[in-house]
Amino acid sequence: MSDYQQFIANVKKKTGIDLAQYKEAQMKRRLTSLYEKRGFKSFQEFFKAMETNDALFHEFLDRMTINVSEFYRNANRWEVLEKKILPKLLERNRRLKVWSAACSTGEEPYTLVMVLSKFLPLSQISVLATDIDENAISRAKIGVYAERSLQEVPEEMKKKFFTKEGMYYKIDENIKKAVTFKKHNLLADPFDTNYDLIVCRNVLIYFTEEAKQVLYHKFNKALRLGGILFVGSTEQIFNPSSYGFDTEDTFFYRKME
């Protein structure tokens with residue numbers, strides 16, 4: 001087994017992240033430059049150091065991540081969710097069923113929990129978070145983020161729910177407990193039903209028009225009457241009524257009752 005293959009096996013054992021799923025030449029180059037920069041001579045030496053040095057481990061996670069996401073992305077939309085959408089949903093039902101679809105490395109579902117924590121105790125909050133990329137899910141479960149991911153996080157939330165570790169931030173364990181991560185393929189897999197809120201942002205732009213139409217219908221069926229679909233800031237639905245939605249606010253769509 002080569003030095004890099006042994007490293008892949010060790011990383012998978014430690015984190016659940018399978019580096020074999022990434023293009024080898026690209027990932028190897030990226031990680032070699034990191035360990036050389038830090039003064040190591042081999043992947044084995046590098047891994048040994050990561051076992052005892054948290055800052056180095058977090059730097060490795062940051063370097064290997066390809067998904068780009070951030071907390072409170074497009075912060076003004078999260079404000080609409082907090083001030084206008086959630087109070088109405090909570091009036092009808094205090095135990096909200098919430099799904100973060102295509103959750104990437106976890107910033108979105110964790111943001112949802114933080115916003116919901118203004119209304120409910122953390123013990124009463126439950127968010128399902130799904131993604132097709134198992135490596136992204138493994139990263140999300142670890143819950144460690146570079147500072148750039150936290151640029152939009154309100155200061156009081158940062159103080160309350162994050163601990164600084166070197167150059168990185170670790171999210172509070174109680175926030176993590178409120179999220180259940182699962183692998184899920186939006187186009188191929190069935191959807192659960194009776195959701196009060198589905199958040200699917202900044203992923204629909206990658207699908208064809210036909211695929212989007214299929215998804216809008218699937219999301220509609222997955223919501224309870226009056227439930228809300230929250231999409232990304234480049235993903236406005238121009239004919240929501242043809243999928244059984246009313247526009248509740250910009251980028252928020254309510255299932256017609």
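Inter-residue side-chain proximity for Leu197 and Leu96 is flagged as unmet; no heavy-atom pair is nearer than 4.5 Å. Considering only heavy atoms from C-beta on, Phe161 stays 4.5 Å or farther from Val113 through its side chain. The side-chain heavy atoms of Phe47 and Lys14, taken from C-beta on, include a pair separated by under 4.5 Å. Counting heavy atoms from C-beta outward, Met256 and Ser241 have side chains that approach closer than 4.5 Å. Using a 4.5 Å cut-off on side-chain heavy atoms (C-beta onward), Phe40 and Leu56 make contact. Two residues are said to be in side-chain contact when any heavy atoms from C-beta on lie closer than 4.5 Å; Glu152 and Glu70 meet this criterion.
Both Leu122 and Leu89 are members of a single hydrophobic cluster when ILVMFWY side chains are connected at heavy-atom separations under 4.5 Å. Under the 4.5 Å side-chain heavy-atom criterion for ILVMFWY residues, a single connected hydrophobic cluster contains both Phe230 and Leu112. Hydrophobic cluster membership differs between Leu229 and Leu81, with clusters built from Ile, Leu, Val, Met, Phe, Trp and Tyr side chains linked at under 4.5 angstrom. A continuous path of Ile, Leu, Val, Met, Phe, Trp and Tyr side chains, each step under 4.5 Å between heavy atoms, connects Ile228 with Val115, placing both in one hydrophobic cluster.
In Met167, the CE atom is not crowded: 12 or fewer heavy atoms of neighbouring residues, nucleotides or ligands sit closer than 6.0 Å. Within 6.0 Å of NZ on Lys212 lie more than 12 heavy atoms contributed by other residues, nucleotides or ligands. Heavy-atom neighbours of Lys160 NZ from other residues, nucleotides or ligands within 6.0 Å: at or below the threshold of 12. Atom NZ of Lys182 is surrounded by 12 or fewer heavy atoms from other residues, nucleotides or ligands within 6.0 Å. Within a 6.0 Å radius of CD in Gln44, more than 12 heavy atoms belonging to other residues, nucleotides or ligands are found. The number of heavy atoms from other shown groups lying within 6.0 Å of NZ (Lys158) is above 12.
Taking OG1 from Thr111 and CG from Leu116, the interatomic distance works out to 11.0 Å, rounded to the nearest 0.5 Å. Residue Lys164 holds its NZ atom at 10.5 Å from CG of Leu150, rounded to the nearest 0.5 Å. To the nearest 0.5 angstrom, Tyr195 atom OH is 8.0 Å from Thr193 atom OG1.
Between Glu248 and Lys84, no side-chain nitrogen of the basic residue sits less than 4.0 Å from a carboxylate oxygen of the acidic one, so the salt-bridge criterion is not met. Residues Asp249 and Arg77 are paired through a salt bridge, judged by an N-O separation under 4.0 Å between the basic side chain and the carboxylate. Between Glu45 and Arg38, no side-chain nitrogen of the basic residue sits less than 4.0 Å from a carboxylate oxygen of the acidic one, so the salt-bridge criterion is not met. Under 4.0 Å is where a charged nitrogen must lie from a carboxylate oxygen, and between Glu108 and Arg201 no such pair does. Remark: Asp192 engages Lys97 in a salt bridge, criterion side-chain N to carboxylate O under 4.0 Å.
Side-chain atoms of Ser33 come within 3.5 Å of backbone N or O of Arg30 as a donor-acceptor pair. Glu235 places a side-chain N or O within 3.5 Å of a backbone atom of Ile205 that can act as its donor or acceptor partner. A donor-acceptor pair under 3.5 Å is absent between the side-chain atoms of Tyr253 and the main chain of Asn220, judged by distance alone. A donor-acceptor pair under 3.5 Å links the side-chain atoms of Asp189 to the main chain of Asn185, judged by distance alone.
Across Tyr168 and Ala55, no two heavy atoms sit closer than the pair CE1-O, 4.3 Å. What you find for Leu186 and Ala101 is that their closest heavy atoms are CD2-CB, 4.0 Å. Pairing each heavy atom of Lys176 with each of Ile142, the nearest pair is NZ-O, 3.1 Å. Contact between Pro240 and Thr247 at its shortest, heavy atoms only, is CG-OG1, 3.6 Å.
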Sequence neighbours excluded and cut-off under 3.5 Å, please list the side-chain donor-acceptor pairs for residues 123-130, or say none.
residue : atom : partner : partner atom : Å
Thr130  : OG1  : Trp99   : NE1          : 2.9

Chi angles and distances behind the side chain to side chain contact (heavy atoms under 4.5 Å, CB included) call for Lys141, Ile137 | CA-CA 6 Å; Lys141 286 177 177 173; Ile137 290 172; 3.9 Å; yes
Steps toward side chain to side chain contact (heavy atoms under 4.5 Å, CB included) verdict (Asn93, Arg224) | CA-CA 11 Å; Asn93 180 16; Arg224 65 170 79 235; 4.0 Å; yes
Please step through side chain to side chain contact (heavy atoms under 4.5 Å, CB included) for the pair Asn174 and Lys177, ending with a clear verdict.
-> CA-CA 5 Å; Asn174 291 314; Lys177 279 180 195 159; 3.8 Å; yes
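Ring geometry for Phe43 versus Phe7: interplanar angle of 30 to 60°, hence tilted. The aromatic rings of Phe71 and Tyr145 sit perpendicular to each other, their planes meeting at more than 60°, with 30° as the lower class boundary. A perpendicular orientation is assigned to the rings of Phe60 and Phe46, their planes being inclined by more than 60° (bins at 30° and 60°).
Screening Tyr72, Tyr169, Phe181, Phe162 for a ring-ring contact (aromatic ring centres under 6.0 Å, His included) with Tyr110, the sole residue that qualifies is Phe181.
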